[in-house]
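Read the structure below first, then the notes.
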Amino acid sequence: MREMTFVEAAREALAEEMARNPAIFVVGEGIGARGGSFNTTLGLYDLYGPERLRDTPISERGFTALCTGAAAAGGRPVVDFMFIDFLADGFGDLFNQTSKLQWMSGGRLKMPILLRGCIGVAKSNGAHHSGNYYPFFMHIPGFRVAIPASPRDAKGLMKTALRSNDPVLFLEHKDVLMLRGPVPEEEYLIPFGEASVAREGKDVTVVAIAAMVPKTLKASEELAKEGVSVEVIDPRTVAPLDIDTILASVHKTGRLLIVDEDFAPCGVGAEIAAQVMARGFDDLDAPVQRLNGAFAPAATSAVFDNMVPQVPDITKAVRDLLAE
Amino acid sequence: MAKAKLGVVIEKPAAGLSKEQLLDLYRQMLIIRRTEEQLIRAYQAGKIHGACHTYVGEEAVATGVCAHLRPDDVVFSTHRGHGHALAKGVTPREVIAELFGKATGVSGGIGGSMHLFKPEIGMMGSSGIVGPSITMAAGAAYTFKLLKTNRISVAFFGDGAVSNGSFHEGINLATVWGLPVLFVCENNMYATEVPFNQATKNPDVASRAKAYGLPGVAVDGNDVLAIYQAAGEAIQRARGGEGPTLLECRTYRTRAHSEGMRDTGYRTAEEIAEWKARDPIARFRDVLLGGLASEGDVIRIDEEIKIMVEEATAFADSSPWPDKAILTQHVYSDSGG
C-alpha cells in the first residue's frame with residue numbers, strides 16, 4: 001500500500017470532498033495562497049480560489065460564528081484554527097449557537113461545520129499554542145470530536161467529518177502530523193464511534209489518545225520483550241466514545257490504563273474510568289489508572305519535555321498496574 | 001444621544017406603495033401588537049413559562065424591513081424577537097402556542113420567547129445571546145454568495161449588541177467580503193436597563209459604518225414608511241452584489257425589558273409617555289386616514305386581527321403538551337426525527 005504523512009492524508013480527504021461538494025469552503029489565517037501554516041490546504045487555492053479558501057483577519061470569534069450561520073444556511077464551512085488554542089475566542093458562540101442550533105430548531109437546521117486545528121505540547125510552543133481542550137467538547141451535547149493518530153485514520157475520519165451534518169472538532173496532534181503510514185488508494189470512510197485496536201494483547205489494556213498512541217505502541221514493544229502483552233486501543237473519536245470496545249478488552253485483560261497528555265481532572269480518562277466502573281466492575285482485577293500530562297500550561301524549555309507522558313513513563317505505569 | 005427626526009408626518013406614500021401595500025404594513029404592525037398584548041395577559045395569568053420580551057413600540061422596524069423579504073431570505077433575530085418572527089411569516093398561533101410551551105408552537109414547545117425557529121420560511125431563530133445574530137447573518141450571506149443565489153440575510157440587534165465584539169467582527173467581515181446582508185440596529189436606547197449613553201461615547205450607531213467602510217443610515221424607527229424605504233434601498237444593494245448596509249432605527253420599547261420585571265430606576269415616566277405619543281401604529285393609522293385609506297379599511301383590519309389573535313389564543317390553549325421524548329432528539333443530526 002502507498003504511504004503518506006498524516007498531513008497529506010488529511011489534505012487528500014479535504015481535496016476529494018471539495019471536489020465533490022461545492023458548498024465546502026475553508027476559512028483561516030494563511031490558508032489561501034499560502035496553503036496553511038501546517039500545509040493543511042496546500043495547492044487547493046489554485047483549484048478553488050479565494051471564495052472557497054478564504055483568508056481571514058485574526059477574528060476568530062467573528063469567523064467561527066459566521067461559519068455557524070453559513071452552515072445553518074446550507075454551506076459546509078471548514079474553520080482552520082491553525083492552533084486549536086485560537087478557538088477560545090469563538091467558544092461562546094460554539095457552545096451557545098453551533099452546538100445548539102440543530103436542537104433549538106427541532107432538527108430543521110443542520111450544522112455541517114468542521115473545526116480543525118493542531119493540539120499538543122510536542123516541542124512546546126508555550127502556553128498559548130499547545131492546548132488540547134477536547135474534554136470541553138465531550139461535555140457539551142451536540143459536538144463530535146475526532147482525534148486521529150495515524151494517516152489512514154486522518155483521511156477516513158476527515159471524510160466522515162466532511163459528510164456529517166453535525167459540528168465536528170477535528171484535532172491534529174503536532175507529534176503525528178509528519179508520521180508516515182499506509183493509506184488505501186480506494187475511497188474509504190471511518191465511522192465515528194469506532195475505536196481501533198492498535199495492538200492486540202492479553203495482560204493489560206491501554207487506551208491512548210492522539211500522540212500517545214505511537215508512544216504506547218513503542219512502550220508495548222519494550223514490554224513485550226519482558227513478556228508483558230499489552231492491548232492498545234485508540235478511541236479515534238472521543239465523542240462519540242466507543243466504550244464497548246474498551247469494555248471488551250478489559251473483559252479480556254482485567255486491567256486498564258488510560259494514557260492522555262491532556263489534563264486529568266474531568267478528562268477523557270475520568271469518563272472512561274467511570275463508565276468501565278459502572279459496566280465492567282467485575283472484570284477489573286485492579287483499579288483503573290490514568291497517566292496524564294502535568295496540570296499546568298505548557299512550558300517551553302526542553303527541560304520540561306516530560307510534562308507530558310513519554311515512553312518510559314508509559315512502560316513504568318504499565319508495570320505498576322500489573323503489580324497491583 | 002443624537003435625535004432622529006421624530007414626529008414627522010409623511011404626506012405621501014413612500015416608494016410608490018399601493019393602498020394594499022400600505023394596508024399590509026398596518027396589518028403587520030397590528031398583528032405584532034395584538035399578539036403581544038395577548039401574550040402580556042397570558043403572562044400575567046401565569047400561562048407563560050420563561051421570559052417574555054415584548055416588542056411593543058418597535059413594530060415598525062420588523063414590519064418595514066421584512067416587507068421586502070422573500071420566504072427564502074433569512075432573518076437572525078434577538079431576545080426581543082416576536083415581531084421579527086411574525087413579520088417573517090410565523091403565525092400568531094405558532095408564537096402564542098410556543099410561549100405557552102405547547103407542541104404546536106413554532107419550535108415545538110422547547111424554545112419559548114427567545115428561541116423561535118422556522119427556517120423553512122427563513123426565520124433562523126430568536127436568541128438568548130446578544131451579538132451573534134450579526135455574525136451568523138453574515139455567515140448565511142456567505143453561503144448565499146458562495147452558492148451564487150440572490151438570497152439575502154438580515155441581522156436584527158439592539159443598541160446593546162453594538163458594544164459587543166460580534167458587531168465589530170461581523171460587520172468588518174461582511175463588509176470586506178462584500179456579503180449580501182442587512183444589519184438592522186434597533187436602537188431603543190437601553191441595553192436591558194443600561195442607557196446607551198452610559199455604554200458608549202458615540203451613541204450614533206449609523207456613524208460607525210464609516211469605520212468599517214459600509215453605508216450607514218439612521219432613520220426614525222417609529223416611522224414604518226421611512227424604514228420601508230431605507231431597508232428597500234439597502235436590500236436592493238445587497239441583492240445586487242453591492243454588499244452590506246448598517247441601518248440604525250431609533251426607537252423605544254414602552255414596556256419593561258421583560259414582562260414581570262420592575263421597570264423603574266433607569267428611565268422616567270415622562271420619557272415613556274413621550275415615546276408612547278409617537279406610537280408607530282397610531283402614527284401610521286393617522287397617515288393612512290389622511291387620505292390614503294378610509295376609516296372602514298382600517299376598522300376592517302382591526303376587527304380581522306382581533307379575531308385572528310383570539311382564535312390563535314384558543315388554539316394555543318387547546319393544543320397538546322410536547323411529548324417528553326423530544327428532549328434528547330435533534331441533539332445530533334441522526335438522533336431522531
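These numbers were taken from a predicted model, which means no experiment stands behind them. Lettering of chains follows the sequences in order, A, B, ..., and the numbering in each one begins at 1.
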Handout entry: Sub-4.5 Å side-chain heavy-atom contact between B:Ile326 and A:Trp103
Key = no

Problem - Pick from A:Ser59, A:Gly75, A:Pro112, A:Pro167 with the largest number of heavy-atom pairs that fall under 4.5 Å of chain B - result: A:Ser59

Fill in the blank from the handout: The interface call for A:Asn96 against chain B, heavy-atom contacts under 4.5 Å, is side chain

Exercise for the section: Compare all side-chain heavy atoms of B:Leu173 with those of A:Pro57 and state whether any distance is below 4.5 angstrom. Expected result: yes

Problem - Leading residue by heavy atom contact count with chain B [cutoff under 4.5 Å; candidates A:Arg54, A:Arg52, A:Glu60, A:Glu51] - result: A:Arg54

Fill in the blank from the handout: Under 4.5 Å to a heavy atom of chain B? For A:Asp166 that would be both

Handout entry: Between B:Thr135 and A:Arg61: side-chain donor-acceptor atoms closer than 3.5 Å
Key = no

Practice task
Let me know if A:Gln97 has heavy atoms under 4.5 Å from chain B in its side chain, its backbone, both or neither.
Solution key: side chain

Fill in the blank from the handout: Max heavy-atom pairs within cutoff under 4.5 Å with chain A, candidates B:Ser127, B:Ala140, B:Gly128, goes to B:Ala140

Exercise for the section: Would you check if B:Met136 and A:Leu101 make a side-chain contact, meaning some heavy-atom pair closer than 4.5 Å? Expected result: yes

Handout entry: Min side-chain heavy-atom separation B:His115-A:Lys100 under 4.5 Å
Key = no

Exercise for the section: Would you indicate whether the side-chain heavy atoms of A:Phe63 and B:Glu169 approach each other to under 4.5 Å? Expected result: no

Handout entry: From B:Leu116 atom CG to A:Ser105 atom OG, the distance as rounded to the nearest 0.5 Å
Key = 12.5 Å

Problem - Heavy-atom contact with chain B under 4.5 Å, split by part of A:Thr56 - result: both

Exercise for the section: Would you check if the side chain of B:Tyr332 reaches a backbone N or O of A:Phe143 as a donor-acceptor pair within less than 3.5 Å? Expected result: yes

Fill in the blank from the handout: In this structure, CG of A:Leu66 is separated from OH of B:Tyr142 (nearest 0.5 Å) by 8.5 Å

Exercise for the section: Identify which of B:Pro119, B:Ala137, B:Gly122 forms the greatest number of heavy-atom pairs closer than 4.5 Å to chain A. Expected result: B:Pro119

Fill in the blank from the handout: Scored by heavy-atom pairs under 4.5 Å with chain A, the best of B:Ile134, B:Leu179, B:Leu327, B:Val176 is B:Leu327

Exercise for the section: Begin with the C-alpha distance, continue with both residues' side-chain angles, and end with the deciding distance and a verdict on side-chain contact (heavy atoms from CB on, under 4.5 Å) for A:Gln102 and B:Val331. Expected result: CA-CA 6 Å; A:Gln102 294 197 85; B:Val331 171; over 6 Å; no

Handout entry: Close side-chain approach of B:Ser333 to A:Met111, heavy-atom, < 4.5 Å
Key = no

Completion exercise
Minimal heavy-atom distance between A:Met104 and B:Ile110, with the atoms involved, is O-CD1, 4.1 Å

